[in-house]
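Shown next, in structure tokens, is the structure this report addresses.
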Amino acid sequence: MKKVYTFCIGGTGIRVMKSVVMLLAAGMKANGYEVVPVIIDPHLDLEEKKQLNSLIELYECIQRDTVRGQQTLPALDGFFATPMESYEELNGRENDVHTSFSEQRPFGEYLRLHNLPPDDINNLLVDTLFTRKSLNNRLSVGFKGNPNVGTVVLSNIMKGADWMKAFSDSFQDGDRIFIISSIFGGTGASGYPLLEKTVREMNDSPVLNAATMGAVSVQPYFSLKNPETTGSDIDSCSFITKTKAALSYYQDSVRSDYFYYIGDQRMNIEYDNNEEVQDDKAHFVELVAATALFDFLYQPDKETRQKPTFMSRAIADDQQVLELKSMGAGYVGMTKCIADLSLLNMLMGVLEKERYFPLRIERKLTEAFYRDAAYRRLQEFMQRFKTWYEELAGNQRAFAPLNITSSDQSLTAWINGNELAAQDDSYYLLEMIKASNHAPKEENHDNRLRHLLNFAHQAIHHFTQNVAQ
């Protein structure tokens, strides 16, 4: 199976990848590619990174649960359809990316400045390039918005690293590369061009060197609280200046085939200025950046190195709360998928209580199934999906196309601005029964989680397919 190695660089890369995982779970198509996430962030103890790793692992388990049986079953066509494999598993857990970043020293010690005599003229050069604060910062908490620091450290980390060698060895003809980063911070702004350059100059691997490559660069979309009151080293007033500087460099240096720009000029939301925690809520810009990966996977290969194709996205109406109409036609497919997964979440709350549901007998969706580890994993994922959507809907600007109601109310207005024919959950349960009755012979197996996801998706799609038309 073709793979897309998806490099998530820095905090923004991590948050965008979270949206990628949610969209894959919701049924967004990856054009037959298996997704291989590779997380690059020097912040060793960042909770966001740990949560993303656990979310990816959860997705992997659920997807594999749907294809297990007496013999391996084909991937589903709806929820959790796309295989995902972590980079460490791909290489037998022998090439952990994170060990390359286990650097606890301050940046100054990393440069071995203590070897310079006090009267050495190179001290003046160091003071010109880096502030004393940057030199004293521990690298284990990231680059704190300093791409000049990130460029030095990441360049050394990528040269000859075991995980880069393993990446080169595992890469096959037909595989692709996609890089997710920000342009206004430290890790992403420095990591993207370095990674791209490293790949393009791997002359000992012709397949990798000639691979179709895409990237999304996220421009500023939030601000941070005043560093004078928070004591932070990061000042968001410099975001625009850093972006302009990076763009001027990218103009002639980008070596990806497809390059996507995403951002929000309003920068409405102000986050806590805490680089050690970075507990930011999911944001619409991150969701839009995630869709760039899916667009890239449907773009044609470029057989020869040409100038990159530059792309961006816009919304139809500049509203603070975005729904189907204000977002525009380009977001309909994405919104349908998210609505579908939210309807699955609603149905899961109903099915456990349905004592006379025919599929309890015909497909063995009994009490034992709802206590099974596979179903419990699905429940955990759905709870995290629910939190993710609530964060999107409550952020500024808000992504709030759904009118999520309780199951005892009419469900016709589940998607704002689009009336569905299903008035309550019984409509979906009936369609699940029909889907089970008309299932092809190859679906006569004992994989109960697959039955649930398969028939639920068919039932939901029956009522939401008009949204995408």
| said: With side chain to side chain donor-acceptor pair (under 3.5 Å) as the criterion, how do Glu57 and Asn53 come out once you've worked through the C-alpha distance, each side chain's angles and the decisive distance to 0.1 Å? | reply: CA-CA 6 Å; Glu57 184 177 358; Asn53 282 324; over 6 Å; no
| Residues Met17, Val35; criterion side-chain contact (heavy atoms from CB on, under 4.5 Å); working and verdict | CA-CA 11 Å; Met17 189 63 208; Val35 178; 4.1 Å; yes
| field | Verdict with supporting geometry, Thr309 and Phe259, side-chain contact (heavy atoms from CB on, under 4.5 Å) | value | CA-CA 6 Å; Thr309 300; Phe259 192 81; over 6 Å; no
| request: Test side chain to side chain donor-acceptor pair (under 3.5 Å) on Gln63 and Glu85 and set out the steps. | output: CA-CA 10 Å; Gln63 198 279 328; Glu85 190 169 11; over 6 Å; no
| task | Dump the intermediate steps for side chain to side chain donor-acceptor pair (under 3.5 Å) on Glu286 and Tyr221, then the final yes or no. | result | CA-CA 9 Å; Glu286 297 156 9; Tyr221 62 100; 2.6 Å; yes
| message | Between Tyr428 and Phe455, does the ring pair (Phe, Tyr, Trp, His ring centres under 6.0 Å) criterion hold? Intermediate values first, please. | response | CA-CA 10 Å; Tyr428 293 99; Phe455 302 142; over 10 Å; no
| Would Arg450 and Glu443 satisfy side-chain contact (heavy atoms from CB on, under 4.5 Å), going step by step from the backbone distance to the final call? | CA-CA 9 Å; Arg450 182 185 178 90; Glu443 289 299 331; 3.1 Å; yes
| request: Report the C-alpha separation of Phe79 and Ile460 in whole Å, then their side-chain angles, then the decisive distance to 0.1 Å, and conclude whether the side-chain contact (heavy atoms from CB on, under 4.5 Å) test is met. | output: CA-CA 11 Å; Phe79 303 128; Ile460 293 167; 4.0 Å; yes
| Checking side chain to side chain donor-acceptor pair (under 3.5 Å) for the pair Thr72/Arg64: CA distance, chi angles, key distance, verdict? | CA-CA 9 Å; Thr72 302; Arg64 289 170 186 168; over 6 Å; no
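For the pair Asp175 (side chain) and Gln172 (backbone), a donor-acceptor distance under 3.5 Å is present. Using modelled atom types, one side-chain atom of Arg313 and one backbone atom of Gly330 make a donor-acceptor pair closer than 3.5 Å. Distance alone, capped at 3.5 Å, is enough to place a donor-acceptor pair between the Arg363 side chain and the Ser436 backbone. Proximity of a side-chain donor or acceptor of Tyr389 to a complementary backbone N or O of Leu402 within less than 3.5 Å is detected. Side chain of Asp65 to main chain of Ala374: no donor-acceptor pair is present (N/O by atom type, distance under 3.5 Å, no hydrogens or angles). Side-chain atoms of His451 come within 3.5 Å of backbone N or O of His445 as a donor-acceptor pair. Asp257 places no side-chain N or O within 3.5 Å of a backbone atom of Pro308 that could act as its donor or acceptor partner. Side chain of Asn418 to main chain of Val467: no donor-acceptor pair is present (N/O by atom type, distance under 3.5 Å, no hydrogens or angles).
Residues Asp301 and Thr212 have side chains that bring a donor and an acceptor to within less than 3.5 angstrom of each other. For the residue pair Asn395 and Glu391, no side-chain donor N or O sits within less than 3.5 Å of a side-chain acceptor on the partner. Neither side chain, Trp414 nor Thr464, offers a donor N or O lying under 3.5 Å from an acceptor on the other. For the residue pair Ser54 / Arg384, a side-chain donor-acceptor distance below 3.5 Å is found, with atom types taken as modelled. No hydrogens or angles considered: a donor-acceptor pair under 3.5 Å links the side chains of Arg176 and Tyr33.
Here CG of Leu351 is found 8.5 Å from CG of Leu359. Values are rounded to the nearest 0.5 Å. Interatomic distance, Ile14 CD1 to Ser181 OG, rounded to the nearest 0.5 Å: 12.5 Å. Here OG1 of Thr66 is found 9.0 Å from CZ of Phe80. Values are rounded to the nearest 0.5 Å. Between atom CG of residue Asp340 and atom CD of residue Gln465 there is a gap of 10.0 Å, rounded to the nearest 0.5 Å. Separation of atoms CE (Met334) and CZ (Phe294) is listed at 11.0 Å; rounding is to 0.5 Å. To the nearest 0.5 Å, atoms CZ (Arg15) and CD1 (Ile180) are separated by 12.0 Å.
The side-chain heavy atoms of Arg397 and Val321, taken from C-beta on, include no pair separated by under 4.5 Å. Looking only at side-chain heavy atoms (C-beta outward), Val216 and Leu293 stay at 4.5 Å or farther from each other. By the 4.5 Å heavy-atom criterion applied to side chains, Ile177 and Val199 are counted as neighbours. The shortest distance between side-chain heavy atoms of Asp41 and Glu48 does not fall below 4.5 Å. Looking only at side-chain heavy atoms (C-beta outward), Phe284 and Ile315 come within less than 4.5 Å of each other. Counting heavy atoms from C-beta on, the side chains of Met382 and Lys386 never come closer than 4.5 Å. Looking at heavy atoms from C-beta onward, Leu449 lies in side-chain contact with Leu378 at the 4.5 angstrom threshold. Proximity of Thr335 to Met327: side-chain heavy atoms (C-beta onward) are separated by under 4.5 Å at one or more points.
Salt bridge annotation for Asp77-Lys29: present, with a cationic side-chain nitrogen under 4.0 angstrom from a carboxylate oxygen. Electrostatic pairing of Asp446 and Lys364 does not count as a salt bridge here, judged by no charged N lying under 4.0 Å from a carboxylate O. For Lys3 and Glu34, the salt-bridge test passes: some basic side-chain N is under 4.0 Å from an acidic carboxylate O. In summary, Glu60 and Arg377 do not engage in a salt bridge, as defined by a charged side-chain N under 4.0 Å from a carboxylate O. With respect to the salt-bridge test (charged N to carboxylate O, under 4.0 angstrom), the residues Arg376 and Glu380 do not qualify. Salt-bridge annotation for Glu196 and Arg200: absent, with no side-chain N of the basic residue lying under 4.0 Å from a carboxylate O of the acidic one.
Below 30°, between 30° and 60°, or above 60°: for His461 and His457 the angle between ring planes is below 30°, a parallel geometry. Below 30°, between 30° and 60°, or above 60°: for Phe385 and Trp388 the angle between ring planes is between 30° and 60°, a tilted geometry.
For Tyr5 and Phe178, the gap between ring centers reaches or exceeds 6.0 Å. Aromatic rings from Tyr260 and Phe296 are positioned such that their centres are separated by 6.0 Å or more. Remark: aromatic rings of Phe399 and Tyr331 are distant, center separation not under 6.0 Å.
By the 6.0 Å and 45° rule, Lys302 stacks over the aromatic ring of Tyr258.
Within a 6.0 Å sphere centred on CG of Asp173, other residues, nucleotides and ligands contribute 12 heavy atoms or fewer. Heavy atoms of other residues, nucleotides or ligands lying less than 6.0 angstrom from NZ of Lys2 number more than 12.
Here the shortest heavy-atom pairing between Ala75 and Val67 reads CA-CG1, 4.0 Å. Scanning all heavy atoms of the two residues, the minimum distance from Pro37 to Ser86 falls at CD-CA, 4.4 Å.
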